[in-house]
Amino acid sequence: STFYYRYHTLEDIYDWINRTAHDYPDKVKAILVGSSYEKRPLYALKLSLNNRPNKKAMWIDCGIHAREWISPAFCLFFVHYSLSFYNINAEMTQILDNMDFYVLPVMNPDGYKYTWTKNRMWRKNRSPQKGTSCIGVDLNRNFDANWCTTGASPDPCTEIYCGPFPESEPESQAVANFLRSHKESIQIYLSIHSYSQMLIIPYSCTEDEAENHSELYEMVKTAADNIKRYYKNIYTYGAGAQIIYLAPGGSDDWAYNLGIKYSFTFELQDRGKYGFLLPPSDIQGACNEALLAVKTIALKVMEKP
Ligand SMILES: Nc1ncc(C[C@H](C[SeH])C(=O)O)cc1Cl
Ligand SMILES: [Zn+2]
Ligand SMILES: [Zn+2]
Ligand SMILES: [Zn+2]
Ligand SMILES: [Zn+2]
């Protein structure tokens, strides 16, 4: 169906979440992990296609930044692909027999709604701030990882506002709480963003190297090589502070420091031609590329002794 190759309103995504959980009651569970500032629910879908007990899990969040519409599109695509190709695609079957997935399709629903109704280029959440009419916190500067140092701003009127304190926002707090309470089973963290076609590993919040840097680097290099080989598209890869910018308070760095040693941020298509306004005709290609990177990383982690 063409459903997965179009962008969807927040309401349609909520309907899709409920329908998917309803249609696959023994494989998919909708977990309410929290709510947004404007009291919209934050649902994560737990995919468990093989009822082998105590499987490790991968966490994937989408839509932390409102204008990055390809991100939620990938989360929907990924859930659909997993359910449709289990016992059909060998690699996906191997992964799903070994690993559960937690997929949070829209981490910033208030912001996402706002991009459909008021301002397509909105990035932050929609929480009002004291002493100013400026709205919103950059949720990817609100996590407790070198919080609000160079690369974030204490000014609520900027796009990279870190918030009044770490985890000040209901959305970042919900994700941090869930990861804290599931850190024994969640082995891989992945946050989906756009644009610029990058596969980012820790750290972004400091120039220091992550302790398993060479292992993480090898994983994203292999993933980027696969994307080049199968889809003729170029993704750059490496530590955030090296390849994009020094920036603190990101979810991937925080998850890494929590102990989730396989932590990644993907920046999907494109490289600037359309940027955040990636046309629906490019959704399929962007999602296929991201899926290949997810498979590459999942298989590498499974191979680890
Ligand atoms: N830890 C991080 N990982 C990735 C990024 C890049 C995204 C790209 Se939109 C951002 O700027 O929030 C930023 C940070 Cl702070
Ligand atoms: Zn029913
Ligand atoms: Zn739980
Ligand atoms: Zn982003
Ligand atoms: Zn981005």
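As the structure lists them, so they are numbered: ligands from 1, and atoms in each ligand from 1.
If you check which protein heavy atom lies closest to atom 9 (Se) of ligand 1, you get Glu68 OE2, 3.2 Å.
No N or O atom of Glu267 sits closer than 3.5 Å to an N or O atom of ligand 1. Distances between N or O atoms of Asp252 and those of ligand 1 include at least one value under 3.5 Å. Looking at Arg141 next to ligand 1, an N or O pair under 3.5 Å apart turns up.
Under a 3.5 Å cut-off, the side chain of Glu171 and the backbone N or O of Met107 do not form any donor-acceptor pair. Looking at Asn18, its side chain does come within 3.5 Å of a backbone N or O of Tyr14 through a donor-acceptor pair. Formation of a donor-acceptor pair under 3.5 Å by the Asp253 side chain with backbone atoms of Cys205 is found in this model.
Not one N, O or S atom of Ser196 sits under 2.8 Å from the Zn ion (ligand 5).
Contacts with ligand 1 closer than 4.0 Å are made by heavy atoms of both the backbone and the side chain of Ala247. Residue contacts with ligand 1 for Tyr245 involve side-chain atoms from C-beta outward but no N, CA, C or O (heavy atoms, distance under 4.0 Å).
Heavy-atom separations between Phe143 and ligand 1 are all 4.0 Å or longer.
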Decide yes or no on side-chain hydrogen bond (donor to acceptor under 3.5 Å, both in side chains) for Ser127 and Gln129, but give the supporting numbers first.
CA-CA 7 Å; Ser127 66; Gln129 300 303 313; 2.9 Å; yes
Take Glu159 and Arg123, measure what salt bridge (charged side-chain N to carboxylate O under 4.0 Å, His left out) needs, and give me the verdict at the end.
CA-CA 7 Å; Glu159 291 281 44; Arg123 170 183 168 95; 5.4 Å; no
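Atom ND1 is the N, O or S atom of His65 at the shortest distance from the Zn ion (ligand 4). Closest approach between the Zn ion (ligand 5) and any N/O/S atom of Glu267 involves OE1.
For Asp97 and Arg52, the salt-bridge test fails: no basic side-chain N is under 4.0 Å from an acidic carboxylate O. Look at Glu38 and Lys113 and you find no salt bridge, because none of the NZ, NE, NH1 or NH2 atoms lies under 4.0 Å from a carboxylate O.
Computed with the Zn ion (ligand 4) at the centre, the His193 ND1 to Glu68 OE2 angle is 150°, stated to 10 degrees.
Ligand 1 places these atoms under 4.0 Å from at least one heavy atom of Asp253: 1 (N). With ligand atoms numbered from 1 in the order given, ligand 1 contributes 9 (Se), 10 (C), 11 (O), 12 (O) to contacts under 4.0 Å with heavy atoms of Arg123. Ligand 1 places these atoms under 4.0 Å from at least one heavy atom of His193: 7 (C), 8 (C), 9 (Se). For ligand 1 and Gly250, the ligand atoms under 4.0 Å from any heavy atom of the residue are 1 (N), 15 (Cl).
Note: Phe74 and Phe78 have tilted aromatic rings, judged against thresholds of 30 and 60 degrees for the angle between ring planes. Using cut-offs of 30° and 60° on the angle between ring planes, the pair Tyr195 and Phe276 is perpendicular.
For atom 7 (C) of ligand 1, the nearest non-hydrogen atom from the set Asn140, Ile64, Leu139 comes from Asn140.
Judged by a 6.0 Å distance limit and a 45° cone about the ring axis, Lys261 is positioned over the six-membered ring of Tyr256.
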